[in-house]
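Below is one structure, written out as structure tokens, with a few remarks after it.
Sequential numbering from 1 along the given sequence is applied to the chain's residues. For the numbers below, each heavy atom of this structure counts, side chains included, while hydrogens, waters and symmetry mates do not. None of these values were measured; they are calculated from a predicted model.
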Amino acid sequence: MTTPEPPAVRQGVSLDRLARWETHLNTRYLQTGILPNALTLVYRRGEIVHQHAQGFADVEAGVPLRDDHIFRIYSMTKPVTSLAFMMLVEDGLTALSDPVSSVLPEWANLGVWTGGTLGNFTGEPPRRPMQMVDLLRHTSGLSYHIQQGGHVDAAYRDLGLGVKTTLPEFVAALADLPLEHEPGEHWHYSAATDVLGYVIERLSGQPFEDFVQDRILAPLGMTDTAFEVPADKLGRFMPCYALTPQGRVLFDPAAGRFARPPHFVSGGGGLVSTAADYLRLCRLFLRGGELDGTRLISPKTMELMTRNHLPGGADIAGMALTPIAVSETSAAGVGFGLGFAVTLDPVRTMRAGNAGDYSWGGAAGTYFWVDPVEDLTVIFMTQLLLSPDRVRDDLRTFVYAALTDTPTTPRSLA
């Protein structure tokens, strides 16, 4: 009688169960023509326990996706920008409670919308000034050109804010527009992190992109992460696709706008990166602000960043002004920290996880989360705008289903 081989387990993760995820991903999303490609990386207890790429980086050319391909990470830029700001807090140059106008005096007279449209807006003074913390947790009152149905988002589109402007022009133009709502009153996904990039530029005295390179990317060895793709790396860059009612279409070719220096340096969505590079950032977060002997931020500041900062301990569902235009997270049972969504109650989210895990995603379907309870981080990369949210929920289900042991630090359920 042949003795069956024991199931393959690495660092408390079933590799057989993760293989089921790759089969599910291929069957449900790649073979059906929804996703062009997908890369999944699972890291637990100091080791990459799973990494697999499938699909085509360039569908038309038939180029298979590789582990070293470079992706547009869009809003996964936001945690980098938030980290940069908190480093300046630790430098004593600013504080979360400071008014934004202390660094951007041209914003001293911002009003809150009371009526009108572009050219004849009316507003009234806010009940309290916009604070730095509002920029990090999306309670600033700002909007986004990608939002739909608010009072001022159409003006962002009409003025080309964040699209046709430079970063200084962007901030200057916002000084002439009213806020969508009172600061601190609602959670409204917005261009606040782009503004934060300009705040960093003003505080540090150097261009935002240079600060990010000098203080974060270079020290962490994130050599493939940048606001543009240089010519010698274009062979590893890929097209981006979009999902439309007519099916998947090419949105941005590899030789598109990321192949040259950006006109608008976006702290909210301007970076490209690889799974390996972004893992270094996630490992820094998981280790409390230090990686391979390089400390960028203190453990207490990292802890502060990953707590829920929504007023009164609210979740996004209780504070959201409008539906999330680019749905990077669920809303019920999820709060928001300083650059991350934070799970408050896995039961209310109706998906696997732990209270205190934190995450964010990008418009082209990229996603990551860090779970300190499980000593776990997961990175998912693809290049499809309007990618189905269900992919991320499925990924969490399969990853947590693959864990074979209890958390390193069990939590109280009291």
Side-chain angles (χ1 to χ4, degrees), residues 22 24-40 52-77 144-149 153-154 156-158 160-164 189 191 227-229 231 233-260 262-264 266 268-275 278 323-329 360-368 379-395:
E22 298 296 348
H24 172 82
L25 181 62
N26 183 48
T27 302
R28 182 162 184 169
Y29 296 106
L30 276 78
Q31 290 185 9
T32 55
I34 298 174
L35 292 181
N37 48 58
L39 189 159
T40 305
H52 185 71
Q54 54 179 314
F56 294 96
D58 188 323
V59 176
E60 291 75 21
V63 178
L65 182 67
R66 302 188 309 270
D67 291 345
D68 68 343
H69 266 112
I70 299 171
F71 297 78
R72 300 158 188 79
I73 61 171
Y74 289 118
S75 286
M76 279 168 56
T77 304
Y144 229 155
H145 67 279
I146 58 175
Q147 288 283 14
Q148 299 287 335
D153 51 60
Y156 283 56
R157 290 187 291 276
D158 292 343
L161 300 188
V163 179
K164 299 177 182 178
Y189 195 49
F227 290 96
E228 64 176 297
V229 182
K233 295 184 180 181
L234 280 176
R236 291 193 287 127
F237 195 44
M238 66 188 77
C240 186
Y241 298 86
L243 200 60
T244 72
Q246 291 73 42
R248 193 179 65 208
V249 300
L250 179 64
F251 170 74
D252 185 43
R257 65 185 183 90
F258 285 93
R260 56 190 63 86
H263 183 65
F264 176 75
S266 171
L271 285 175
V272 300
S273 190
T274 60
Y278 212 84
I324 304 171
V326 178
S327 185
E328 312 299 2
T329 183
W360 205 238
T366 60
Y367 180 64
F368 83 96
I379 297 168
F380 180 77
M381 296 292 211
T382 188
Q383 290 289 262
L384 180 74
L385 292 174
L386 305 178
S387 178
D389 296 337
R390 179 63 180 267
V391 179
R392 298 170 181 181
D393 290 343
D394 286 356
L395 174 61

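Taking NE2 of His52 as the reference point, atom CD of Glu22 lies at 4.5 Å (rounded to 0.5 Å). The structure places CG of Leu395 at 9.5 Å from NE2 of His24, a figure rounded to the nearest 0.5 Å. A distance of 13.5 Å separates CZ in Phe258 from CZ in Phe71, rounded to the nearest 0.5 Å. Rounding to the nearest 0.5 Å places OG of Ser75 at 3.0 Å from OH of Tyr189. Here the CZ atom belonging to Phe368 is positioned 11.5 Å from the OG atom belonging to Ser273, to the nearest 0.5 angstrom. In this structure, the separation between CG on Asn26 and OG1 on Thr32 is 9.0 Å, given to the nearest 0.5 Å.
Annotation: Arg390, atom CZ; neighbour count of heavy atoms from other residues, nucleotides and ligands within 6.0 Å does not exceed 12.
Taking each heavy atom of Asp67 and Ala53 in turn, the nearest pair found is OD1-CB, 3.7 Å. The shortest non-hydrogen separation linking Leu250 to Pro239 is CD1-CB, 3.5 Å. Minimum interatomic distance between Ile34 and Arg248 (heavy atoms only, all atoms of both residues): O-CD, 3.5 Å. Contact between Ser387 and Leu35 at its shortest, heavy atoms only, is OG-CD2, 3.6 Å. Here the closest non-hydrogen pair linking Pro36 and Thr382 is CD-OG1, 4.1 Å. Scanning all heavy atoms of the two residues, the minimum distance from Leu385 to Cys240 falls at CG-SG, 4.1 Å.
Counting heavy atoms from C-beta on, the side chains of Val391 and Tyr367 never come closer than 4.5 Å. A 4.5 Å side-chain heavy-atom check between Thr366 and Gln383 finds at least one atom pair inside the cut-off. The side-chain heavy atoms of Phe251 and Leu386, taken from C-beta on, include no pair separated by under 4.5 Å. The closest side-chain heavy-atom distance from Met238 to Asp58 is not below 4.5 Å.
Between the side chain of Arg157 and the backbone N or O of Gln147, at least one donor-acceptor pair lies under 3.5 Å. Panel note: side chain Arg392, backbone Pro388; no donor-acceptor pair is recorded below 3.5 Å. Here the side chain of His263 pairs a donor or acceptor atom with the backbone of Lys164 at under 3.5 angstrom.
Checked against salt bridge (charged side-chain N to carboxylate O under 4.0 Å, His left out), Asp252 has the following partners two or more places apart in sequence or in another chain: Arg72. Partners of Tyr156 under the side chain to side chain donor-acceptor pair (under 3.5 Å) rule, at least two apart in sequence or in another chain, do not exist in this structure.
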Report task. Take Tyr278 and Trp360, measure what ring pair (Phe, Tyr, Trp, His ring centres under 6.0 Å) needs, and give me the verdict at the end. Result -> CA-CA 12 Å; Tyr278 212 84; Trp360 205 238; over 10 Å; no

Query raised in the report: Checking side chain to side chain contact (heavy atoms under 4.5 Å, CB included) for the pair Met381/Leu65: CA distance, chi angles, key distance, verdict?
Result: CA-CA 10 Å; Met381 296 292 211; Leu65 182 67; over 6 Å; no

**Report entry** Stepwise side chain to side chain contact (heavy atoms under 4.5 Å, CB included) check, Leu25 with Phe380
**Finding:** CA-CA 11 Å; Leu25 181 62; Phe380 180 77; 4.1 Å; yes

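Just one residue in the list Leu30, Asn37, Leu39 forms a side chain to side chain contact (heavy atoms under 4.5 Å, CB included) with Gln54, and that residue is Leu30.
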